[in-house]
Amino acid sequence: WQLETGLREAFDVVARRYMELHPDVRVEQLAVPGAVYKQWLSTQLAGGTVPDLVSFDFADQALVAQVPRHFEVLTRWLEEPNPYNTGTALAGMPWKDTFIDRGRNRVTYLDQYRNFFAVGLCSHTMRMFYNRDLMREITGSPEPPRNFREWLALGEKVRAHRPGLAHVAGSRDFYGWLMPSLVNQSLGRWIGRRDYGLRFGTTTFDFYGDFLAGQWNLRSPEMQQALRIAQAFGREMPSGFLQVDRNAALQSFLRGEALSVPSGTWDYPTMRATARFELAGYRLPLPAADDPEFGGLALLPVSDGGASTALPFFLTRQSAHKAEALDFLRFVTSVEGNRIFSAASQWMPAIEGVPVAPELEPFRQVTGGYIASDAQSGPIL
C-alpha cells in the first residue's frame, strides 16, 4: 500500500536484477492503494487468491492472532546464513543478524509466539522537513535552528514574515508521532523511576497503576512541564490542525503555505519530486537541560529510537511458490539486493553495511542516547 514516489520503481529494479539471476522465475508486483489495502488483503486471504508475499503492518494487537493463521514462521531460515551474502562482510552470519535491528521488532518478531514472521526491507527516521529557500528569505540563512528556543523564535519570525504563513504544517498524525520525544523530555526520569520490574522500561500497568494509587496527577511538576512543552509545540501549527490528516498537511507545505512539515523519511522522495523549492530536513531540537521553562527533567541525549526496520513482508501460508518467494526475500535483504532497493527508492537500508545515499545522510538514524517512547510504554533506558 505504500505507493510513495519511487517505491514501485524500486521494486521493479530489484525484481529485474533477481530475474537476471533466475531466468525461470517471474516476479510480479501488485500495488494496492492504502485506503482499501486491509479490505483487499482480507478478501484475498479468505478467497485463497492472496499473493506469495504481502506487506502487512499492524498496531492493533487483535490482529496478532491472525498472523500464524495466514503467514509462515520464518525463524528456521532466519537462523541460517543468507546465501546472497557470500563474499561480503556478512557471509556466514545468520540472516536475522544481518538486519540493523537483528530482524526483530514489534511486527517481524512476535513475542507471544517466540517466532519471526516477517523481514523488513528498509528503515526510517522522523525529521522536520523545511523549505530551504523560504528559510533563507525569512532569516537570511538557509540553516535550521540549533535549539528549541531558536526554533520557537523562528516561529515568531515566520508569522511576522507573511500573514497566513505557518511555521509547521500540522496534522493529527504528525502531532502524535512527535509528541513522545518532546513530552518525554520532562517525563523521562520520572517514568523511569516506575520501572518496578527492572525491565529498562515502564509498562502501562506501572505508569497508570501509580496514577490510580494517587502517586501522581496532572498537577505533578513533571506532567505540568510536559503539558507546557506540548502547548508550545502545538502553537507552532495552524489552528485546528488536529482535524487535518497527513496528506492535507503535506500538500499545504508543498504549496508554500508553511515553512516546514514533520514527517518520516518515507515521504522524502515524494516531496523532493514534487517541491518547487530546495528541500532539506533536520532533527527537531529539544529543550536544553538548562532551559528555565522546559528543561532540567529530561534524560539527555535522546536518540531516534532503537534501530528498527520497516516495510515488513510476510510469506503467506497459501503460497504455491514458497521456495521462490523466500529466495526473493533473501535477495532483497542481501547486501546487493538491499543496496539496489535503497538506491532506487531513496529509502534508507535495512541491512548492516549497506551505504546510505549521500542525500539521505541528514536523516541517518541517531542511536546514541535514550529512547523517548510514548507515555504508555515509557522510555527504554
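Starting from 1, each residue takes its place in the sequence as its number.
Taking the six-membered ring where tryptophan is involved, the planes of Y37 and W40 are tilted, since the angle between them lies from 30° to 60°. Between Y109 and F116, the ring-plane angle classifies as perpendicular under the 30° and 60° cut-offs. In this structure, F71 and F56 have tilted ring planes: the angle between them lies in the 30° to 60° band.
Here OG of S342 is found 6.5 Å from CG of L360. Values are rounded to the nearest 0.5 Å. Distance check: R162 CZ to I138 CD1 gives 7.5 Å after rounding to the nearest 0.5 Å. Distance CG/L134 to CG/L165: 5.5 Å, rounded to 0.5 Å. Atom OH of residue Y196 and atom CZ of residue R194 lie 5.0 Å apart, to the nearest 0.5 angstrom. From S220, atom OG reaches atom CD of E222 across 6.5 Å, with rounding to the nearest 0.5 Å. R102 CZ to T98 OG1: the interatomic distance, rounded to the nearest 0.5 Å, is 8.5 Å.
For F117 and F314, the gap between ring centers reaches or exceeds 6.0 Å. Between F253 and F129, the ring centre distance reaches or exceeds 6.0 Å.
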Do E156 and H167 pass the side chain to side chain donor-acceptor pair (under 3.5 Å) test, and can you show the C-alpha distance, the side-chain angles, and the key distance before you say yes or no? CA-CA 8 Å; E156 295 296 331; H167 181 192; over 6 Å; no

Show your reasoning for whether ring pair (Phe, Tyr, Trp, His ring centres under 6.0 Å) applies to F328 and F11. CA-CA 11 Å; F328 179 75; F11 274 113; 7.6 Å; no

Step-by-step side chain to side chain donor-acceptor pair (under 3.5 Å) determination, T333 to N338: CA-CA 5 Å; T333 57; N338 210 232; over 6 Å; no

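Side-chain contact check for Q318 and H70: no donor-acceptor pair (N or O, by modelled atom type) lies under 3.5 Å. For the residue pair S171 and D245, no side-chain donor N or O sits within less than 3.5 Å of a side-chain acceptor on the partner. Side chains of T270 and E4: a donor-acceptor N/O pair is absent below 3.5 angstrom, by distance only. Looking at T309 and N105, their side chains do bring a donor and an acceptor atom within 3.5 Å of each other. For the residue pair W347 and S123, no side-chain donor N or O sits within less than 3.5 Å of a side-chain acceptor on the partner. Residues Q231 and R228 bring no donor and acceptor atom of their side chains to less than 3.5 Å of each other.
Not a single donor-acceptor pair under 3.5 Å links the side chain of Q112 to the backbone N or O of V64. The backbone N or O of L311 sits nowhere less than 3.5 Å from a side-chain atom of Q2 that would complete a donor-acceptor pair. Distance alone, capped at 3.5 Å, is enough to place a donor-acceptor pair between the T108 side chain and the G103 backbone. Under the 3.5 Å distance criterion, the side-chain polar atoms of T125 are matched with a main-chain donor or acceptor of F363. A distance-only check finds no donor-acceptor pair linking the side chain of N85 to the backbone of T88 [under 3.5 Å]. Although no hydrogens or angles enter the test, the distance criterion places no donor-acceptor pair under 3.5 Å between the side chain of Q346 and the main chain of G6.
In summary, R246 and D267 engage in a salt bridge, as defined by a charged side-chain N under 4.0 Å from a carboxylate O. With respect to E324 and K322, no salt bridge is recorded, no charged nitrogen being found less than 4.0 Å from a carboxylate O. Between R272 and E278, none of the side-chain N atoms (NZ, or NE/NH1/NH2) sits under 4.0 Å from a carboxylate O, so this pair counts as no salt bridge. The residues R136 and E143 are annotated as not salt-bridged, no charged nitrogen and carboxylate oxygen being separated by less than 4.0 angstrom. The pair K38-D57 does not count as a salt bridge, with every side-chain nitrogen at least 4.0 angstrom from each carboxylate oxygen. Salt bridge annotation for R104-D101: absent, with no cationic side-chain nitrogen under 4.0 angstrom from a carboxylate oxygen.
Cluster annotation: L297 and L300 are assigned to distinct hydrophobic clusters (Ile/Leu/Val/Met/Phe/Trp/Tyr, side-chain heavy-atom contacts under 4.5 Å, transitive). Residues M93 and I100 fall into different hydrophobic clusters, defined by Ile, Leu, Val, Met, Phe, Trp and Tyr side chains chained together at heavy-atom separations under 4.5 Å.
Not counting sequence neighbours, A153 has no partner by the side-chain contact (heavy atoms from CB on, under 4.5 Å) test.
W151 pairs with exactly one of Y130, F233, Y282 by the ring-ring contact (aromatic ring centres under 6.0 Å, His included) rule, that one being F233.
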Please list, one pair per line, the donor and acceptor atoms closer than 3.5 Å that link side chains of residues 17-24 to other protein atoms, with sequence neighbours excluded.
{"unit_1": "R17", "atom_1": "NE", "unit_2": "E336", "atom_2": "OE2", "d": "2.7"}
{"unit_1": "R17", "atom_1": "NH1", "unit_2": "E20", "atom_2": "OE1", "d": "3.2"}
{"unit_1": "R17", "atom_1": "NH2", "unit_2": "E336", "atom_2": "OE2", "d": "3.2"}
{"unit_1": "Y18", "atom_1": "OH", "unit_2": "D327", "atom_2": "OD2", "d": "2.7"}
{"unit_1": "H22", "atom_1": "NE2", "unit_2": "Y84", "atom_2": "OH", "d": "2.6"}
{"unit_1": "H22", "atom_1": "NE2", "unit_2": "D327", "atom_2": "OD2", "d": "3.4"}

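Annotation: salt bridge (charged side-chain N to carboxylate O under 4.0 Å, His left out) contacts involving residues 291-301, sequence neighbours excluded, comprise R149-D291, R149-E293.
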